[in-house]
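None of these values were measured; they are calculated from a predicted model. Every heavy atom of this structure was used, including side-chain atoms; hydrogens, water molecules and symmetry mates were not.
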Amino acid sequence: MSDPRLPAAYLMPGSSSFSDFLAVQAPDLLPSRRAVPSGNAGDLAPHGTTIVAATFPGGVVMAGDRRATMGNIIAQRDIEKVFPADEYSVVGIAGTAGLAVEMVRLFQTELEHYEKIEGTTLSMDGKANRLAALIRANLGLAMQGLSVVPLFAGFDLNADSGRIFSYDVTGGRYEESAFHSVGSGSLFARGSLKKLYRDDLSAEGCVTAVVQALYDAADDDSATGGPDLTRRIFPVVHVVTAAGGQRIDDGEVAEIADRMLAARMQRPDGPAAALL
């Protein structure tokens, strides 16, 4: 095979990993290979929080608030933190926003590259492992305060169910059951879901539960943004099923948020869970 438009190295058979290929051909394009001055740079870059995911019979839901902060300053009010990784999976970002978005783009390309080279999609475990490798490669920057800790979820066609994976800054991968959250408001969001989650929720019920959880996180964590009624800014919500993934229309999310806020006028702490 030859093509005068491309260097010979580009046409040689090799790894199905795009990031491995990039590390050989153009390592300076990898976020983890860029030189950063010594010291802690964490307070100099916007950070994104909070991401929540929950499974329901037939799929998984992931949602993220829209606020990015830089220290005690709101850096952006309408940032998007949840992205499709491929047709059957989504990834939500927490941590240094700029690096996280670059990592998501590289991850998307990694999955697309594998599919084109191998003629098939990666398994859910394979996708989760590839993301873990990208996080591990960012460890040097994480040690300088530029950490990225995403949340990954999708529909496993082999297991016929939704699955959720969390990570630590070293690339450690952990499969979660039922629901999980990452980011500065994650403890409050998880506490909310412990109260609201049921394993027989419908897709709409699961979406409502994660929106409630994000509201509870924003209620106690200043870095998490709640529904912005004046600007009509609401969480980004993705649902993934056997039919593929889709982003819930902003109008539908706004309707759910409006109903939730109307109920909170009567009960500020949200709906009560059954005792048994």
What's the verdict on salt bridge (Lys or Arg N to Asp or Glu O under 4.0 Å) for R259 and E204, showing C-alpha distance, side-chain angles and the deciding distance?
CA-CA 13 Å; R259 291 197 301 268; E204 182 179 358; 3.6 Å; yes
Walk me through it: do D86 and K127 pass the test salt bridge (Lys or Arg N to Asp or Glu O under 4.0 Å)?
CA-CA 10 Å; D86 66 0; K127 296 173 191 177; 2.8 Å; yes
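- For the atom pair CZ (R66) and CG (L214), the distance works out to 11.5 Å, reported to the nearest 0.5 Å.
- Comment: K195 does not engage D269 in a salt bridge, judged by the lack of any side-chain N to carboxylate O separation of less than 4.0 angstrom.
- A salt bridge between E110 and R105 is absent, with no side-chain N of the basic residue lying under 4.0 Å from a carboxylate O of the acidic one.
- In this model, a donor atom of one side chain and an acceptor atom of the other lie less than 3.5 Å apart for Y174 and D168.
- With S192 as reference, D216 is the one residue of D220, D219, D216 to meet the side-chain hydrogen bond (donor to acceptor under 3.5 Å, both in side chains) rule.
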Would you sort out whether L99 and L141 count as a side chain to side chain contact (heavy atoms under 4.5 Å, CB included), showing the intermediate values?
CA-CA 9 Å; L99 286 177; L141 294 180; 3.8 Å; yes
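- Here the closest heavy-atom approach between residue L151 and residue I51 is recorded as CD2-CG2, 3.9 Å.
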Take R67 and D221 through the test salt bridge (Lys or Arg N to Asp or Glu O under 4.0 Å) and record every step on the way to the result.
CA-CA 11 Å; R67 177 176 293 177; D221 173 46; over 6 Å; no
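- If you run ring pair (Phe, Tyr, Trp, His ring centres under 6.0 Å) between F152 and each of F83, Y167, F107, only F107 comes through.
- Between R77 and R231, some side-chain heavy-atom pair lies under the 4.5 Å cut-off.
- Distance check, rounded to the nearest 0.5 Å: CE of M62 to SG of C206 gives 11.5 Å.
- Here the closest non-hydrogen pair linking L146 and N138 is O-ND2, 3.3 Å.
- One distance of note links CZ of R198 with CG of D200; it measures 5.0 Å at 0.5 Å rounding.
- Cluster annotation: L122 and L157 are assigned to distinct hydrophobic clusters (Ile/Leu/Val/Met/Phe/Trp/Tyr, side-chain heavy-atom contacts under 4.5 Å, transitive).
- For CD of E175, the number of neighbouring non-hydrogen atoms (other residues, nucleotides, ligands) closer than 6.0 Å is greater than 12.
- When side chains are defined from C-beta on, R163 does not count as touching V60, because their heavy atoms never get closer than 4.5 Å.
- For the residue pair S166 / E176, a side-chain donor-acceptor distance below 3.5 Å is found, with atom types taken as modelled.
- To the nearest 0.5 angstrom, D78 atom CG is 13.0 Å from F234 atom CZ.
- One distance of note links CE of M260 with CE of M265; it measures 12.5 Å at 0.5 Å rounding.
- A pairwise comparison of heavy atoms in T50 and S181 identifies CG2-OG, 3.5 Å as the closest pair.
- The minimum heavy-atom distance linking V210 with A63 is given by the pair CG2-CB, 3.9 Å.
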Tell me, with the steps shown, if R173 and D125 meet side chain to side chain contact (heavy atoms under 4.5 Å, CB included).
CA-CA 10 Å; R173 190 205 82 171; D125 287 295; 3.4 Å; yes
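- Contact between L193 and A213 at its shortest, heavy atoms only, is CG-CB, 3.7 Å.
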Checking side chain to side chain contact (heavy atoms under 4.5 Å, CB included) for the pair R247/V236: CA distance, chi angles, key distance, verdict?
CA-CA 8 Å; R247 175 174 171 169; V236 172; 3.6 Å; yes
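- Close placement of the F179 and Y197 rings is indicated, their centers lying within 6.0 Å of each other.
- Taking hydrophobic clusters as Ile, Leu, Val, Met, Phe, Trp and Tyr residues chained together by side-chain heavy-atom distances below 4.5 Å, V207 shares a cluster with V253.
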